[in-house]
Amino acid sequence: MLWVVLAVFVTFILILFVLSELIAPKKISLNGAHVLVTGGSSGIGKCLAIEAARRGASVTLLARNQARLEEARAEVQKHLADNKQQKVLCVSADVTKDFNALEKTVKQVEEEQGPITALINCAGTSMSAKFLDTPVEEFKRMMDINYLGSVLLTRAVLPSLMRQKQGRIVLVSSMAGQLGLFGYTAYSASKFALRGMAESLQMEVRPFNIQVTLAFPPDTDTPGFAEEQKSKPKETRLISESGGLFQPEVVAKSILDDMMRGRFVSSIGLDGFMLSTITAGFSPISSIMEALQQVSLMGLFRFISLFYLAHFDHTVKKCHQETEAESNKKSS
Ligand SMILES: NC(=O)c1ccc[n+]([C@@H]2O[C@H](COP(=O)([O-])OP(=O)(O)OC[C@H]3O[C@@H](n4cnc5c(N)ncnc54)[C@H](OP(=O)(O)O)[C@@H]3O)[C@@H](O)[C@H]2O)c1
């Protein structure tokens, strides 16, 4: 009897697995595609551009600093696939500024490189400080770059994707866009905002055969990360260190794979898988297997997360006690 139940169960899972692949969005090829990467002159964005070029796409890099853009372009050009049509273009623009100018820029790059197939919103910045040590302007700056920058570029590119009745839009959030951590009141809020946008947008654009991918990178070894480290509170450093440090090439490959497969969520590593499962909420699913994983693992992962939270709270308490002891020593 046990064998029959087991056989039925295995058959059921196999059927779901096959159906899952049939229902999942079709994987796209980047050969001959045009990929626009904001923040393409550095870190994860540059690696995304290199990886897209390797897979045969023409690439447009968008960032502000022209010199860094040119350096990145030279690097991306070394990784072109064996495709004679491929070009690498760079445009200097600020994703937080004039929307009309951004629309014009998009039109111009499409005239040169053909219609955009995939938009990767990777331009972003981070900062960490305790809430009361964060200047009010920083809250606004984070929202401007990390959230509104993605809104403006997506707004400028979407009409073209809708006309083509196909396309991909990637929004690069962060693990800090899945859970709030000490020191990230400004940064986390701006990355959480992307989730609301991504979930709503996915529902609107699916009839046009456009897939949205929301990426949640972990700590990644980039110039931006190195800059953030300089002023990170001790608590934030200790808490985030426990997740390890990833290489931008690895993160970029994973995001690009997920984008090509049309997955809504892109995460990396065991912590990434756990966090994405716990925080799935009402987000769209990309396959039946993914839904099954979430339904079966959410409770268990929530249980495990309580131990993480206790560890984080303990770290904060310890740092607080150390600071108090130091200031008592100084005043005595
Ligand atoms: N590194 C990590 O640990 C990590 C973890 C999770 C998520 N992320 C996210 O991943 C993305 C890339 O991070 P990264 O560490 O690779 O950053 P990075 O090395 O600092 O690169 C940031 C890129 O964004 C561009 N940029 C910044 N502000 C811009 C603006 N207003 N307009 C246009 N371009 C702008 C920069 O060029 P210009 O300065 O020349 O404009 C640069 O090309 C960010 O959204 C970040 O929040 C990073």
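Order of appearance sets the numbers: ligands from 1, and atoms from 1 within every ligand.
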Peer 1: List every atom of ligand 1 that sits less than 4.0 Å from any heavy atom of S174, numbering the atoms from 1 in the order shown and giving each element.
Peer 2: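 Ligand 1 atoms under the 4.0 Å threshold to S174: 6 (C), 7 (C).
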Peer 1: Before signing off on this row, confirm whether K191 and ligand 1 have an N or O atom pair separated by under 3.5 Å.
Peer 2: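 Between K191 and ligand 1, an N or O pair is found under 3.5 Å apart.
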Peer 1: Is T38 close enough to touch ligand 1? Criterion: a residue heavy atom under 4.0 Å from a ligand atom.
Peer 2: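 Checking ligand 1 against T38, which is what was asked, there is no heavy-atom contact under 4.0 Å.
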Peer 1: At a non-hydrogen distance cut-off of under 4.0 Å, which region of A176 contacts ligand 1 (side chain, backbone, both, or neither)?
Peer 2: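 Neither part.
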Peer 1: What do you reckon, does V95 have a nitrogen or oxygen under 3.5 Å from a nitrogen or oxygen of ligand 1?
Peer 2: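 There is such a contact, yes.
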Peer 1: I need the minimum non-hydrogen distance between A57 and V35, along with the two atoms involved.
Peer 2: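 Closest pair (atom of A57, atom of V35, distance): CB-CG2, 3.8 Å.
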Peer 1: Please confirm whether R68 comes within less than 3.5 Å of ligand 1 when only nitrogen or oxygen atoms on both sides are compared.
Peer 2: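 R68 vs ligand 1: N/O contact under 3.5 Å present.
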Peer 1: Starting from atom 2 (C) of ligand 1, locate the nearest protein heavy atom and write down its residue, its atom name and how far away it is, to 0.1 Å.
Peer 2: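 Closest protein heavy atom to atom 2 (C) of ligand 1: T220 N, 3.5 Å.
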Peer 1: Nearest to atom 22 (C) of ligand 1, what protein heavy atom do you find, and at what distance?
Peer 2: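 Its nearest protein heavy-atom neighbour is G124 O, 3.7 Å.
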Peer 1: Would you indicate whether Y308, at its atom OH, is surrounded by more than 12 heavy atoms from other residues, nucleotides or ligands within a distance under 6.0 Å?
Peer 2: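 Not more than 12 within 6.0 Å, no.
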Peer 1: Tell me which protein heavy atom sits closest to atom 15 (O) of ligand 1, plus the residue, atom name and distance to 0.1 Å.
Peer 2: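 Result: T222 OG1, 2.5 Å.
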Peer 1: Verify the distance criterion only: is there a donor paired with an acceptor across the side chains of Q108 and E112 at less than 3.5 Å?
Peer 2: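 E112 and Q108 do not have a side-chain donor-acceptor pair below 3.5 Å.
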Peer 1: Quick one: closest heavy-atom pair of M298 and G281, and the distance?
Peer 2: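 Taking M298 first and G281 second, the nearest heavy atoms are CE-N, 4.1 Å.
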Peer 1: For ligand 1, find out whether one of its N or O atoms is nearer than 3.5 Å to an N or O atom of T96.
Peer 2: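 N/O-N/O distance under 3.5 Å: no.
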Peer 1: Under a 4.5 Å side-chain heavy-atom rule over Ile, Leu, Val, Met, Phe, Trp and Tyr, are V91 and V88 clustered together?
Peer 2: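 Each belongs to a different hydrophobic cluster.
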Peer 1: Pairing donors with acceptors under 3.5 angstrom, does anything connect the side chains of D94 and T96?
Peer 2: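 Yes, a side-chain donor-acceptor pair sits under 3.5 Å.
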Peer 1: Among all protein non-hydrogen atoms, which one is nearest to atom 28 (N) of ligand 1, and what is the separation to 0.1 Å?
Peer 2: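 For atom 28 (N) of ligand 1, the nearest protein heavy atom is R64 NH2, 3.2 Å.
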Peer 1: Counting non-hydrogen protein atoms only, what is the nearest one to atom 43 (O) of ligand 1? Give residue, atom name and distance.
Peer 2: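 Sorting protein heavy atoms by distance from atom 43 (O) of ligand 1 puts S41 OG, 2.7 Å first.
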Peer 1: Under a plain distance cut-off of 3.5 Å, with no hydrogens placed, do Q166 and T117 share a side-chain donor-acceptor pair?
Peer 2: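 There is no such pair (donor and acceptor under 3.5 Å, judged by atom type) between the side chains of T117 and Q166.
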Peer 1: Starting from atom 10 (O) of ligand 1, locate the nearest protein heavy atom and write down its residue, its atom name and how far away it is, to 0.1 Å.
Peer 2: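 Protein heavy atom at minimum distance: V172 CG1, 3.5 Å.
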Peer 1: Check contact between S173 and ligand 1, using heavy atoms of the residue and a distance below 4.0 angstrom.
Peer 2: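 Checking ligand 1 against S173, which is what was asked, there is a heavy-atom contact under 4.0 Å.
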Peer 1: Of all the atoms in ligand 1, which lie at a distance below 4.0 Å from a heavy atom belonging to I44?
Peer 2: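 So the answer, numbered in order with elements, is 10 (O), 16 (O), 48 (C).
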Peer 1: Assess whether atom CD of Q85 is packed by more than 12 heavy atoms of other residues, nucleotides or ligands within 6.0 Å.
Peer 2: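 No.
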Peer 1: Please tell me whether Q293 and T277 have a donor and an acceptor in their side chains that are separated by less than 3.5 angstrom.
Peer 2: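 No, because no side-chain N or O of Q293 sits under 3.5 Å from a partner of the opposite role on T277.
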Peer 1: Just go through G243, A123, S42 and tell me whose heavy atom is the nearest to atom 35 (C) of ligand 1.
Peer 2: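 Nearest heavy atom to atom 35 (C) of ligand 1 lies in A123.
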Peer 1: Out of G43, A252, P218, whose heavy atom is nearest to atom 4 (C) of ligand 1?
Peer 2: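 Among G43, A252, P218, the closest heavy atom to atom 4 (C) of ligand 1 belongs to P218.
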Peer 1: Under 6.0 Å between ring centres: does that hold for F131 and F139?
Peer 2: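 They qualify: ring centres under 6.0 Å apart.
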Peer 1: Decide whether an N or O pair under 3.5 Å exists between G224 and ligand 1.
Peer 2: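 Yes, at least one N or O pair falls under 3.5 Å.
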Peer 1: So does R206 have more than 12 non-hydrogen atoms from other groups sitting under 6.0 Å from CZ?
Peer 2: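 Yes.
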Peer 1: For ligand 1, which is the ligand I care about here, please tell me if G45 has any N or O atom under 3.5 Å from one of the ligand's N or O atoms.
Peer 2: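 No, there is no polar N/O contact under 3.5 Å.
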Peer 1: Under the salt bridge (Lys or Arg N to Asp or Glu O under 4.0 Å) definition, can you give me all pairs with a residue in residues 245-260, not counting sequence neighbours?
Peer 2: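 Passing the test, one end in residues 245-260: R55-D257, D258-R263.
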Peer 1: What atoms in ligand 1 come closer than 4.0 Å to a heavy atom of D94?
Peer 2: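 It comes down to these atoms of ligand 1: 30 (C), 31 (N), 32 (N).
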Peer 1: N/O to N/O below 3.5 Å, does that happen between D219 and ligand 1?
Peer 2: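 In this structure, D219 places no N or O atom under 3.5 Å from an N or O of ligand 1.
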Peer 1: Should you measure from each heavy atom of A93, which atoms of ligand 1 turn up under 4.0 Å away?
Peer 2: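 Taking each heavy atom of A93 in turn, ligand 1 has 32 (N), 33 (C) under 4.0 Å.
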Peer 1: Y187 vs Y184 aromatic rings, parallel, tilted or perpendicular, using cut-offs 30° and 60°?
Peer 2: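 Rings of Y187 and Y184: tilted, as their planes differ by 30° to 60°.
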Peer 1: Test your reading of the structure: does Y187 have an N or O sitting under 3.5 Å from an N or O of ligand 1?
Peer 2: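 Y187 vs ligand 1: N/O contact under 3.5 Å present.
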Peer 1: Taking distance alone, with no angle check, do G39 and ligand 1 share an N/O pair under 3.5 Å?
Peer 2: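 For ligand 1, there is an N or O atom that lies under 3.5 Å from one belonging to G39.
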Peer 1: Search all heavy atoms of K191 against all heavy atoms of V172 and return the closest pair with its distance.
Peer 2: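 Scanning both residues, the minimum pair turns out to be NZ-O, 2.9 Å.
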Peer 1: Can a donor-acceptor pair be found between the side chains of K318 and Q321 at a distance below 3.5 Å?
Peer 2: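 No - no donor-acceptor pair under 3.5 Å links their side chains.
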Peer 1: To check your reading of the model: name the closest protein heavy atom to atom 6 (C) of ligand 1, its residue, and the distance in Å.
Peer 2: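 The protein heavy atom lying closest is P217 O, 3.3 Å.
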Peer 1: Is there at least one pair of N or O atoms, one from C122 and one from ligand 1, spaced under 3.5 Å apart?
Peer 2: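 Among all N and O atoms of C122, at least one is under 3.5 Å from an N or O of ligand 1.
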Peer 1: Check for me whether G149 has a heavy atom closer than 4.0 Å to any atom of ligand 1.
Peer 2: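 Outside the 4.0 Å threshold, so no.
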